[in-house]
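One structure is given here, and the rest of the page talks about it.
All values below were derived from every heavy atom in this structure, side-chain atoms included, with hydrogens, water molecules and symmetry-related copies excluded. Read the numbers this way: they start at 1 and go in the same order the structure lists the ligands and their atoms. Since this is a predicted model, take the numbers as computed values, not measurements.
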Amino acid sequence: MPGFELFGDLERKQVNDVLDNGVLMRYGFDGMRKGHWKAKELESALEDAFQTNHVQLVSSGTAAVSVALAVAGVGAGDEVIMPTFTFVASFEAIMALGAIPVLVDIDNTLALNPEAVEEAITPKTKAVMVVQMCGSMGDMTALKNICDKHNLLLVEDACQAIGGTYNGKPLGSIGDLGCFSFDFVKTITCGEGGAVITNNEEYYINADHFSDHGHDHVGNDRGAETHPFLGYNFRISELHAAVGLAQVKRLPEFIDIQKRNFKILRDALSDIPEVTFRTVPDGGEESAAFLNFFLPDLETSREVIQSFSVYGVDACWNYYDNNWHYIRKWEHLKELKSLFPITKEVKEGLKYLETKTFEKSDYFIARNISCLIKLSWTEAEVKERASRMVIAIKACL
Ligand SMILES: Cc1ncc(COP(=O)(O)O)c(C=O)c1O
């Protein structure tokens with residue numbers, strides 16, 4: 001990550017195709033667009049990349065998670081199990097549908113702890129949302145078995161893990177629905193954009209209609225289209241899709257670069273006995289978007305973060321102290337600070353957050369440091385960075 005580091009002529013050419021005909025919308029205007037259907041082409045390229053039957057592009061990763069839940073019928077009063085370590089989009093999407101986010105612990109994979117998931121299931125549980133954080137994944141076999149046993153939907157947020165695989169299958173394609181983000185800092189970017197992927201045709205048709213005001217997309221006269229059900233506008237524009245189309249063609253190249261850079265850093269840190277690495281489930285292969293490692297305790301992690309800045313090592317985070325990715329700092333969720341009234345069901349459903357603690361998650365997040373793997377580094381730069389990281393860590397031990 002991130003794809004924007006390697007912008008070039010391919011992106012320019014795709015965007016110019018759109019600018020030349022002036023059709024910035026993905027639907028309609030057939031006569032004007034001179035055969036350019038960037039969103040459709042990108043959907044088809046992603047179907048190949050994800051080895052999946054259907055892809056629906058949307059306006060963001062947050063939209064992707066909202067649409068994935070909505071099209072599978074998650075709504076008012078339903079409980080959705082999600083991890084304590086994720087991005088705020090997870091609970092935003094759940095709550096936007098009037099459903100209740102049930103936060104549970106993670107484990108040493110930095111994703112959902114299957115035991116915690118099973119303990120949290122109630123008669124109201126409708127879905128489990130696994131978030132494949134920082135380029136890796138949860139124990140997908142265990143999570144899938146739990147969902148099958150309890151007849152729950154498995155939604156995979158793979159926004160940070162494009163290019164990762166589990167038993168040879170692309171992350172995002174294992175659950176009932178998978179979600180991706182193509183925002184500005186993701187491995188491939190559209191500027192803003194996202195995708196819902198699924199092998200379930202009904203969910204796909206729902207996503208196609210729901211993300212465009214419920215339009216049925218039959219024929220080529222938008223005014224004459226019917227609305228089989230209510231929807232919203234989560235459309236991607238042709239300009240954004242054009243950028244993504246250029247980027248997706250480079251996905252294998254980007255993943256190779258990530259893996260090469262990741263290996264150099266991981267090998268260097270492996271020589272430090274106090275450093276351990278996140279667990280990748282058997283059969284899993286990380287996308288290498290981030291290198292995640294554990295230190296002995298929170299104090300050492302905080303010192304190493306300081307030491308990294310002294311030694312000029314950027315783009316590394318300890319999420320215990322971070323406002324975006326971990327429950328500890330989400331006061332706005334815990335105190336339900338909403339601009340508009342929230343339903344009684346959701347308010348009551350979230351009361352547990354006033355008192356609940358997450359010691360198991362704290363144990364992993366406090367000791368974790370997560371380092372972004374950039375695409376633009378030269379091999380010499382990565383090697384230089386690796387030696388500075390080792391010196392900076394050893395200075396704190
Ligand atoms: C795990 C995860 N889910 C969802 C999102 C939301 O994506 P977007 O920024 O495209 O809305 C992000 C964005 O960082 C993310 O990291």
Side-chain angles (χ1 to χ4, degrees), residues 1-4 39 42 46 55-70 80-97 101 103 106 109-112 127-138 140 143 154-164 170-172 174-175 177-197 207 211 232-237 239-241 243-244 247-248 258 278 286-287 289-290 292 315 317 319 322-327 329-330 333 361 365 368 370-373:
M1 298 213 315
F4 73 75
L42 179 53
L46 290 169
V55 172
Q56 177 65 43
L57 284 172
V58 289
S59 49
S60 69
T62 308
V65 184
S66 309
V67 170
L69 293 169
V80 180
I81 294 175
M82 57 164 275
T84 52
F85 177 50
T86 176
F87 181 57
V88 290
S90 306
F91 60 78
E92 289 169 353
I94 295 166
M95 289 169 70
L97 298 170
L103 278 76
I106 56 157
T109 63
L110 297 178
L112 279 176
V128 172
M129 187 197 294
V130 55
V131 185
Q132 317 290 30
M133 283 296 278
C134 305
S136 189
M137 69 212 81
M140 295 306 291
L143 292 168
L154 181 59
V155 176
E156 230 185 310
D157 176 341
C159 289
Q160 292 196 6
I162 190 168
L171 292 182
I174 299 152
L177 294 129
C179 307
F180 289 90
S181 163
F182 307 122
D183 74 20
F184 191 51
V185 295
K186 295 299 184 285
T187 301
I188 62 169
T189 182
C190 294
E192 296 284 0
V196 178
I197 76 170
S211 59
Y232 289 99
N233 178 1
F234 291 116
R235 289 189 308 260
I236 194 165
S237 82
L239 276 177
H240 292 90
V243 177
Q247 291 254 301
V248 78
Q258 276 182 183
R278 88 189 291 172
E286 296 179 73
S287 76
F290 291 83
N292 283 275
W317 297 274
Y319 288 119
N322 177 284
N323 291 340
W324 279 33
H325 288 293
Y326 189 49
I327 174 75
K329 297 278 196 126
W330 293 339
L333 171 67
S361 302
I365 294 298
N368 173 250
S370 190
C371 295
L372 183 71
I373 304 292

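Near Ser60, the atoms of ligand 1 lying under 4.0 angstrom from a non-hydrogen atom of the residue are 10 (O), 11 (O). Each of the atoms 1 (C) of ligand 1 lies under 4.0 Å from some heavy atom of Val131. Shown in contact with Ser181 at under 4.0 Å from a heavy atom are these atoms of ligand 1, numbered in order with element: 7 (O), 8 (P), 10 (O).
Side-chain contact check for Phe87 versus His325: some heavy-atom pair is nearer than 4.5 Å. A heavy-atom distance below 4.5 Å is not found between the side chains of Leu171 and Ser287. Side-chain contact between Gln247 and Phe182: absent, with no pair of heavy atoms (C-beta onward) separated by less than 4.5 Å. Considering only heavy atoms from C-beta on, Asn322 stays 4.5 Å or farther from Lys329 through its side chain.
Regarding atom 3 (N) of ligand 1, its nearest protein heavy-atom neighbour is Asp157 OD2, 2.7 Å. Among all non-hydrogen protein atoms, the one lying nearest atom 5 (C) of ligand 1 is Phe87 CD2, 3.5 Å. Protein heavy atom closest to atom 6 (C) of ligand 1, with residue, atom name and distance, is Thr62 OG1, 3.4 Å. With hydrogens left out, the protein atom closest to atom 9 (O) of ligand 1 is Asp183 OD2, 2.7 Å, a heavy atom.
Between Glu92, Lys186, Gln160, it is Lys186 that holds the heavy atom closest to atom 13 (C) of ligand 1.
Checked against a 3.5 angstrom limit, the closest N/O atoms of Glu192 and ligand 1 fall outside it. For the pair Gly61 and ligand 1, the shortest N or O to N or O distance falls below 3.5 Å.
For the pair Glu156 (side chain) and Ile174 (backbone), a donor-acceptor distance under 3.5 Å is present.
Residue Asn292 comes nearest to Cys134 through the heavy atom pair ND2-CB, 3.2 Å, listed as atom of the first residue, atom of the second, then distance. The two residues Val55 and Ala195 make their nearest non-hydrogen contact at CG1-CB, 4.1 Å.
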